[in-house]
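Encoded as structure tokens, the structure appears first; notes follow it.
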Amino acid sequence: MGPESGAQTSDFLIIGHRGARGHAPENTLLGLDTGIRLGATWLEFDVQLHPSGAVVLLHDTTLERTTNGCGRLADCGFEALRNLDAGQGQQVPTLEEALELVEQRAGLNVELKSAGGTGEAVAGVLRQYIAAGWPAERLLVSSFHLPELWEFHQAAPEIPVGVLLAGVPLDWAGCAIELGAATVNISSEFVDPRLVADAKAHGCQVYVYTVNDPGEALALRGQGVDGVFSDYPDRLLARLGRH
Ligand code: G3P
Ligand code: MG
């Protein structure tokens, strides 16, 4: 179960967060390429369904923080969106462009940020790449929006899914187990040994976001956590050692 263990540190996965957010504009092709160049074998990025039907890489529902545009993504036409600067001259990429850029050089964790058909749209894109030879176990689709993740899982049951948590649920890893998730991806604020134990007892791996301090990553590894998301994957790889 779980995404293939492509860890560069013994059994501990270091996932580039939004590409390699500490080094390059988040959720851009440059960011993904930078993450790979820095040694990350897995990359995470955020996607939303644009009204045009395109799946695009963007974290916020609005454009201000990460581009030179303003207003809501939903109110921005596709051509106008593509004319924005997402940092260092980068465009807001489509999911297809991200997959083409990465070319299986890293495993990909696609985080569904929007609902309302995003899961189905992402499933449609990813299944095309799987049909063309991309191993399903080198993909992980996650979301805080568990009904949307469920929709994705129905549409593409061969692709592992991860439940995102920003708190500690009453039934520990119950939602992940119910969803048949491969992983529980939890905020570093809420790592609880009982949650970790419950997830592991049910065959789920546990990944923690966002960890930029190598010492914190080492401590989490000691607690049985399987990996972390980092804005600086190079720093963690340097300290935890390449496998
Ligand atoms: O998927 C892990 C992490 O990216 C979740 O939080 O806000 O950075 O998308 P956020
Ligand atoms: Mg994310």
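We use all heavy atoms of the structure for the numbers below, so side chains are in, but hydrogens, waters and symmetry mates are not. Both counts, for ligands and for their atoms, begin at 1 and track the order of listing.
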(message) I'd like to know whether Thr66 forms a side chain to side chain donor-acceptor pair (under 3.5 Å) with Asp60, so could you lay out the CA-CA distance, the side-chain angles of the two residues, the decisive distance to 0.1 Å, and finally the verdict.
(response) CA-CA 8 Å; Thr66 58; Asp60 301 357; 5.5 Å; no
(message) Is a donor from one side chain sitting under 3.5 angstrom from an acceptor on the other, for His17 and Asn212?
(response) no
(request) Among the N/O/S atoms of Asp46, select the one at the shortest distance from the Mg ion (ligand 2) and name it. (result) OD1
(request) Before accepting this row, confirm whether a basic side-chain N of the pair Arg21/Glu44 lies closer than 4.0 Å to the acidic partner's carboxylate O. (result) no
(request) Could you tell me whether Gln91 atom CD has more than 12 heavy atoms of other residues or ligands within 6.0 Å of it? (result) yes
Measure and list all N/O to N/O distances between ligand 1 and the protein that fall under 3.5 angstrom.
from     : atom 1 : to     : atom 2 : distance (Å)
ligand 1 : 1 (O)  : Glu44  : OE2    : 3.0
ligand 1 : 1 (O)  : Glu111 : OE1    : 3.1
ligand 1 : 4 (O)  : His17  : NE2    : 2.9
ligand 1 : 4 (O)  : Glu44  : OE2    : 2.7
ligand 1 : 4 (O)  : Glu111 : OE1    : 3.2
ligand 1 : 7 (O)  : His59  : NE2    : 2.7
ligand 1 : 8 (O)  : His17  : NE2    : 2.7
ligand 1 : 8 (O)  : Arg18  : NE     : 3.4
ligand 1 : 8 (O)  : Arg18  : NH2    : 2.9
ligand 1 : 9 (O)  : Asp46  : OD1    : 3.1
ligand 1 : 9 (O)  : His59  : NE2    : 3.3
ligand 1 : 9 (O)  : Glu111 : OE1    : 2.9
ligand 1 : 9 (O)  : Lys113 : NZ     : 2.8

(request) Identify whether the distance between the nearest side-chain nitrogen and carboxylate oxygen of Asp33 and Arg105 falls below 4.0 Å. (result) yes
(message) Quick one about Ser52 and His50 (side-chain donor to acceptor, distance below 3.5 Å, no hydrogens or angles considered), yes or no?
(response) yes
(request) For Asp46 and Asn27, test the side chains for any donor-to-acceptor distance below 3.5 angstrom and give the result as yes or no. (result) yes
(request) Taking the Mg ion (ligand 2) as the vertex, measure the angle between atom OE1 in Glu111 and atom OE2 in Glu44; round to 10°. (result) 90°
